[in-house]
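Below: the structure, in structure tokens.
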Amino acid sequence: MSLTARQLALATLDRQLLLERRRIDVAEAVRRLCALQAQTPASPYLALWNRVRDFVPEDLDAAFADRRIVKATLMRITLHAVHAEDYAPYHAAMLSSLRASRLYDRRFASTGLTHSEADALLPELAGFLARPRTGAEVKEEVTGRFGEHAHRVWWALRTYAPMHHAPTGGPWSFAQPNAYLAAPAAPGSEPQEAGPGVRRLLLAYLRAFGPASAQDFARFTLLGRPSITQALHELGDQVVRVAGPGRAALFDVAGATVPAEDTPAPPRLLPMWDSTLLAHAVPGRIMPQEYRPLVVRRNGDMLPCLLVDGQVAGVWRAVDGGLELTTFRTLGKAAWQGLTEEAEKLSALLADRDPAVYRRYGHWWDKGFPGIESRIVKA
């Protein structure tokens with residue numbers, strides 16, 4: 001039986017814990033979700049609030065502090081929060097892409113260093129980052145060797161070197177200036193190979209976002225099609241093909257299930273850059289095409305979204321004393337009631353942490369939204 005577009009959307013929502021909040025440890029939740037987009041410090045917290053029953057922000061604070069969850073540059077050359085045990089294989093999978101994005105860039109080429117010379121700096125950098133250091137401290141350390149090019153050398157290394165962002169405090173564990181810490185290596189262990197890492201990442205992706213196509217996985221990671229095709233082949237019967245509404249071949253982990261088409265989807269207030277909106281090829285599964293220019297701004301900013309019946313229906317932002325909800329279509333009384341209840345709970349959480357979350361992105365609202373209706377909800 002061929003899956004419908006509605007079933008594919010529900011499958012993603014189900015695997016992302018967005019059909020029902022689950023009582024689950026935050027580290028295990030992150031492992032199950034594959035990776036949480038984390039370029040804005042608040043987003044992993046709000047992502048888990050949407051997914052974990054009785055979520056307590058202090059639990060995520062502790063998981064970052066204990067390094068059970070780590071924040072690092074990975075998929076799409078973007079910061080993600082991942083389970084600590086997944087970092088090394090995910091980094092191995094992404095290393096070629098991360099490294100090429102910097103070493104083939106003219107900004108690095110202008111330093112005159114060869115790629116081998118850059119790689120040779122990695123052990124020295126790991127030693128220096130045995131304890132947390134700011135970017136300014138690292139740049140000062142390498143200035144003696146590279147002079148005016150130090151900032152470009154560090155710009156390249158901080159993207160592909162095996163290291164994490166170290167918590168620096170603030171309401172969401174990470175604040176400016178960033179601090180960096182070398183990723184731990186098992187004693188006597190050899191660097192992980194890319195192939196096993198790609199296979200592990202692909203399986204985790206399908207468990208979290210599937211069924212999905214090779215193009216979807218390429219969008220989520222920016223990995224090349226040859227490595228994806230090889231991983232699918234090597235995974236053998238761990239991955240199966242399923243029929244879907246489009247022409248692209250869909251893959252899923254063997255034995256995975258998909259919700260029935262009439263499964264209800266509750267309202268949610270997603271954070272900026274929620275991974276669910278970035279996991280599939282454009283236009284995606286839960287983002288109506290006509291709303292995409294409103295949510296994804298021309299510089300790439302992806303605004304916090306309202307979900308109604310499993311589809312993006314508007315955006316939200318923090319305002320004095322609460323949250324402003326703006327819809328792109330007319331909603332019924334029941335939908336507004338569900339969104340209001342969610343907004344009241346989120347507003348209460350933010351009141352204790354950061355009532356003006358995402359404040360730096362308020363200029364998008366200042367330019368005006370062609371919304372149908374806006375309401376302010378207070379805790």
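This chain uses plain numbering: 1 for the first residue, then up along the sequence. A quick note: this is a predicted structure, and the numbers were derived from the prediction, not measured.
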Report yes if some heavy atom in the side chain of [X] is under 4.5 Å from a heavy atom in the side chain of [Y]; otherwise report no.
X      : Y      : answer
Ser173 : Leu60  : no
Gln192 : Pro89  : yes
Tyr291 : Arg329 : yes
Arg219 : His280 : no
Thr78  : Thr73  : no
Arg67  : Pro184 : yes
Ser96  : Leu223 : no
Arg76  : Leu278 : yes

task = Just do the salt bridge (charged side-chain N to carboxylate O under 4.0 Å, His left out) check on Asp61 and Arg353 with the steps written out, would you?
result = CA-CA 12 Å; Asp61 293 340; Arg353 282 259 160 172; 2.5 Å; yes

What about [X] and [Y], same hydrophobic cluster or not, with Ile/Leu/Val/Met/Phe/Trp/Tyr joined at side-chain heavy-atom distances under 4.5 Å?
X      : Y      : result
Leu3   : Phe209 : no
Leu232 : Val240 : no
Ile77  : Leu79  : no
Leu122 : Leu181 : no

Please round to the nearest 0.5 Å and tell me the distance separating atom [atom1] of [X] and atom [atom2] of [Y].
X      : Y      : atom1 : atom2 : answer
Arg268 : Leu339 : CZ    : CG    : 10.5 Å
Arg207 : Leu33  : CZ    : CG    : 13.0 Å
Leu74  : Met94  : CG    : CE    : 7.5 Å
Leu113 : Leu103 : CG    : CG    : 9.5 Å
Thr263 : Asp14  : OG1   : CG    : 8.0 Å
Arg247 : Ser213 : CZ    : OG    : 13.5 Å

With a 3.5 Å cut-off and no angle check, do the side chains of [X] and [Y] form a donor-acceptor pair?
X      : Y      : value
Arg15  : Thr276 : no
Ser43  : Tyr358 : yes
Ser116 : Asp119 : no
Thr111 : Arg152 : no

query = What's the shortest heavy-atom distance between Val138 and Arg133, and which atoms?
reply = CG2-CB, 4.1 Å

key: Heavy-atom pair with the smallest gap, counting every atom of Ala35 and Ser275   = O-OG, 3.2 Å

When you measure from the side chain of [X] to the backbone of [Y], do you find a donor-acceptor pair of N or O atoms at a distance under 3.5 Å?
X      : Y      : result
His149 : Gly112 : no
Thr327 : Thr330 : no
Gln16  : Ala208 : yes
Asp216 : Ala281 : yes
Thr229 : Arg225 : yes
Trp316 : Leu270 : yes
Tyr90  : Met75  : no
Glu28  : Asp25  : no
Glu341 : Gly338 : no
Gln311 : Arg285 : yes

Is the number of heavy atoms from other residues, nucleotides or ligands within 6.0 Å of [atom1] ([X]) greater than 12?
X      : atom1 : answer
Asn299 : CG    : yes
Glu290 : CD    : yes
Glu344 : CD    : yes
Asp366 : CG    : yes
Arg106 : CZ    : no
His363 : NE2   : yes

message = Please determine whether side-chain contact (heavy atoms from CB on, under 4.5 Å) holds for the pair Phe55 and Tyr45, giving the CA-CA distance in whole Å, both sets of side-chain angles, and the decisive distance to 0.1 Å.
response = CA-CA 9 Å; Phe55 172 70; Tyr45 287 81; 4.2 Å; yes

task = Taking the six-membered ring for Trp and the full ring for Phe, Tyr or His, determine whether the centres of Tyr361 and Trp273 are under 6.0 Å apart.
result = yes

[X] with [Y]: basic N within carboxylate O range, under 4.0 Å:
X      : Y      : result
Arg375 : Glu324 : no
Arg53  : Glu20  : yes
Asp274 : Arg51  : yes
Arg6   : Asp309 : yes
Glu137 : Arg131 : no
Arg22  : Asp54  : no

query = Using 30° and 60° as the class limits, which term best fits the ring planes of Phe220 and Tyr205: parallel, tilted or perpendicular?
reply = tilted

request  = Over 60° means perpendicular and under 30° means parallel, so classify the ring planes of Trp154 and Tyr180, tilted if in between.
outcome  = perpendicular

task = Go through Val296 and Leu303 one step at a time and tell me if the side-chain contact (heavy atoms from CB on, under 4.5 Å) criterion holds.
result = CA-CA 7 Å; Val296 184; Leu303 303 182; over 6 Å; no

query = What do the steps show when you test Thr221 against Val198 for side-chain contact (heavy atoms from CB on, under 4.5 Å), and what is the final call?
reply = CA-CA 10 Å; Thr221 59; Val198 175; over 6 Å; no

request  = I would like to know whether Asp105 and Arg102 meet side-chain contact (heavy atoms from CB on, under 4.5 Å); could you show each step before the answer?
outcome  = CA-CA 5 Å; Asp105 188 283; Arg102 295 302 181 256; 5.5 Å; no

query = So, is the end of the Lys71 side chain (NZ or CZ) under 6.0 Å from the ring centre of Phe64 and within 45° of the ring's axis?
reply = no

Lys NZ or Arg CZ of Arg21 over Trp49 ring: under 6.0 Å, within 45° = yes

task = Mind running salt bridge (charged side-chain N to carboxylate O under 4.0 Å, His left out) on Arg359 and Asp354 for me, showing each step along the way?
result = CA-CA 10 Å; Arg359 61 179 67 82; Asp354 184 6; 2.7 Å; yes

